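Since the structure comes first, as structure tokens, the remarks are kept for the end.
These values consider heavy atoms only, across backbone and side chains, with no hydrogens, waters or symmetry-generated copies. Given the structure is predicted, the values throughout are model-derived calculations rather than measurements.
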Number of protein chains: 2
Amino acid sequence: MKLYGYWRSSASYRVRTALNLKGLSYEYEPVHLVKDGGQQHSEAYRKLNPARLVPTFIDGDVKLNQSLAIIEYLEECYPQNPLLPSAPADKARVRALAYDLACELQPVTNLRVLQYLTGELNCSDKQRSEWIANWVEKSFTAFEQRLTEYAGDYCYGNSVTLADICLIPQVYNAQRFNLDLSSYPTLMAVHERLQALDAVQQARPENQADAQ
Amino acid sequence: MKLYGYWRSSASYRVRTALNLKGLSYEYEPVHLVKDGGQQHSEAYRKLNPARLVPTFIDGDVKLNQSLAIIEYLEECYPQNPLLPSAPADKARVRALAYDLACELQPVTNLRVLQYLTGELNCSDKQRSEWIANWVEKSFTAFEQRLTEYAGDYCYGNSVTLADICLIPQVYNAQRFNLDLSSYPTLMAVHERLQALDAVQQARPENQADAQ
């Protein structure tokens with residue numbers, strides 16, 4: 001198995017966490033999203049992934065993009081340490097928690113969107129920071145409310161799921177942007193328990209070969 | 001079954017299409033995203049969905065948010081007219097196509113993001129239009145390339161899948177914003193075949209009770 005990723009990419013971070021939680025070993029191929037104007041725009045990488053985004057994942061002759069599709073594939077082909085509950089309603093709630101972050105928060109705060117804000121729209125640093133803070137606050141406020149209903153040790157009960165995998169990079173980013181997260185005590189308690197896991201630690205951006 | 005939605009919401013549109021394709025009847029409860037400052041912010045709706053987004057779906061005592069989680073739930077509980085292929089790699093590719101749109105394009109062009117651009121960031125109409133055109137072009141260019149590899153009558157082979165369900169509202173929005181879509185011939189041919197289906201027609205925004 002081979003993962004093309006970038007140390008700070010939230011989507012790469014999710015796939016690394018899932019692979020580690022399932023105890024699957026893989027080769028890691030860094031794609032630097034900033035250096036050389038962004039290596040994801042190179043002809044070689046575009047052949048692999050025309051969306052010019054990371055990650056791309058290879059398992060034998062199967063080539064996949066989109067972190068959540070990759071993780072669902074891993075879940076199906078490598079069922080050890082399941083990342084989704086088995087009952088349909090529970091599974092749907094876990095997926096909904098994951099999408100609350102992966103379809104609402106991550107897309108509006110990712111690198112290329114922030115680059116458009118400061119580039120094409122000429123936003124100031126203050127406007128960029130307020131943009132990030134606005135979407136984090138909206139998402140985390142709703143997520144905290146859902147966790148008061150669903151959480152045990154982790155986002156959904158007492159097993160690590162896809163929801164936790166999506167939460168980790170969002171907290172990493174929020175902390176990187178120095179946001180005050182004290183209004184989300186359940187979310188932060190779950191995050192702290194997740195950080196105690198070896199599989200999670202080893203997936204952290206600063207523990208990757210391409211970390212700067 | 002009951003669906004809280006809004007006629008023009010892409011995510012509501014996806015769920016309506018999936019329900020129709022599976023031949024499932026449901027009650028439709030409109031939540032007007034603009035009127036009264038946005039009915040999704042009402043106390044009653046926030047109790048149902050703290051993220052203040054549509055859709056919310058009810059099936060007996062199961063309450064779900066996030067369109068893709070709802071559709072995966074329908075797929076599992078009501079397997080007629082499957083919306084995902086059965087082989088893991090095919091399934092993953094269909095999900096990846098769906099997420100290419102649902103995690104990259106829809107989130108950056110939805111109502112609340114456009115409201116932030118013209119409100120907080122004081123963007124002009126021209127800047128707002130360029131923003132939309134930029135993300136549609138990036139996403140559709142990559143999507144067109146993937147379809148040349150995957151498409152048959154529909155996005156992935158000859159059955160309607162989750163990928164098609166996500167494509168339909170994005171073309172609807174792009175056409176609403178008067179974008180030139182002639183650079184995406186495969187995508188548009190698939191879209192035309194989809195529009196010939198009754199289930200798809202009946203899910204169209206203008207055919208909903210709350211259409212204006």
Would the number of heavy atoms belonging to other residues, nucleotides or ligands and lying under 6.0 Å from [atom1] of [X] be above 12?
X	atom1	answer
A:Asp36	CG	yes
B:Gln80	CD	yes
A:Asn158	CG	yes

Atom group of [X] that falls short of 4.5 Å from chain B, counting heavy atoms:
X	answer
A:Leu53	side chain
A:Arg112	both
A:Tyr116	side chain
A:Trp135	side chain
A:Leu68	both

- Message: If we define contacts as heavy-atom pairs under 4.5 Å, which of B:Glu72, B:Gln145, B:Gln127, B:Lys91 has the most with chain A?
- Response: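 Most pairs with chain A among the choices: B:Glu72.
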
- Would you mind telling me which of B:Ala11, B:Pro88, B:Cys77 has the largest number of heavy-atom pairs within less than 4.5 Å of chain A?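 Among the listed options, the one with the most contacts to chain A is B:Pro88.
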
- Nearest heavy-atom pair of A:Pro30 and A:Gln39: which atoms, and what distance?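 The answer is O-OE1, 4.2 Å.
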
- Side-chain donor-acceptor pair under 3.5 Å between A:Tyr73 and A:Asp59, yes or no?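 Yes, A:Asp59 and A:Tyr73 have a side-chain donor paired with an acceptor closer than 3.5 Å.
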
- Are B:Glu120 and A:Trp131 close enough that some pair of their side-chain heavy atoms sits under 4.5 Å apart?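 No - every pair of side-chain heavy atoms lies 4.5 Å or more apart.
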
- Item | Residue, of A:Val113, A:Val62, A:Leu105, that accumulates the most heavy atom pairs under 4.5 Å with chain B |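 So the answer, after comparing A:Val113, A:Val62, A:Leu105, is A:Val113.
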
- Greatest number of heavy atom pairs closer than 4.5 Å to chain B - which of A:Thr141, A:Val108, A:Asp100: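 Counting heavy-atom pairs under 4.5 Å, the top option is A:Asp100.
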
- Message: When you measure from the side chain of A:Glu144 to the backbone of A:Thr186, do you find a donor-acceptor pair of N or O atoms at a distance under 3.5 Å?
- Response: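 Checking the backbone N and O of A:Thr186 against the side chain of A:Glu144, a donor-acceptor pair under 3.5 Å is found.
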
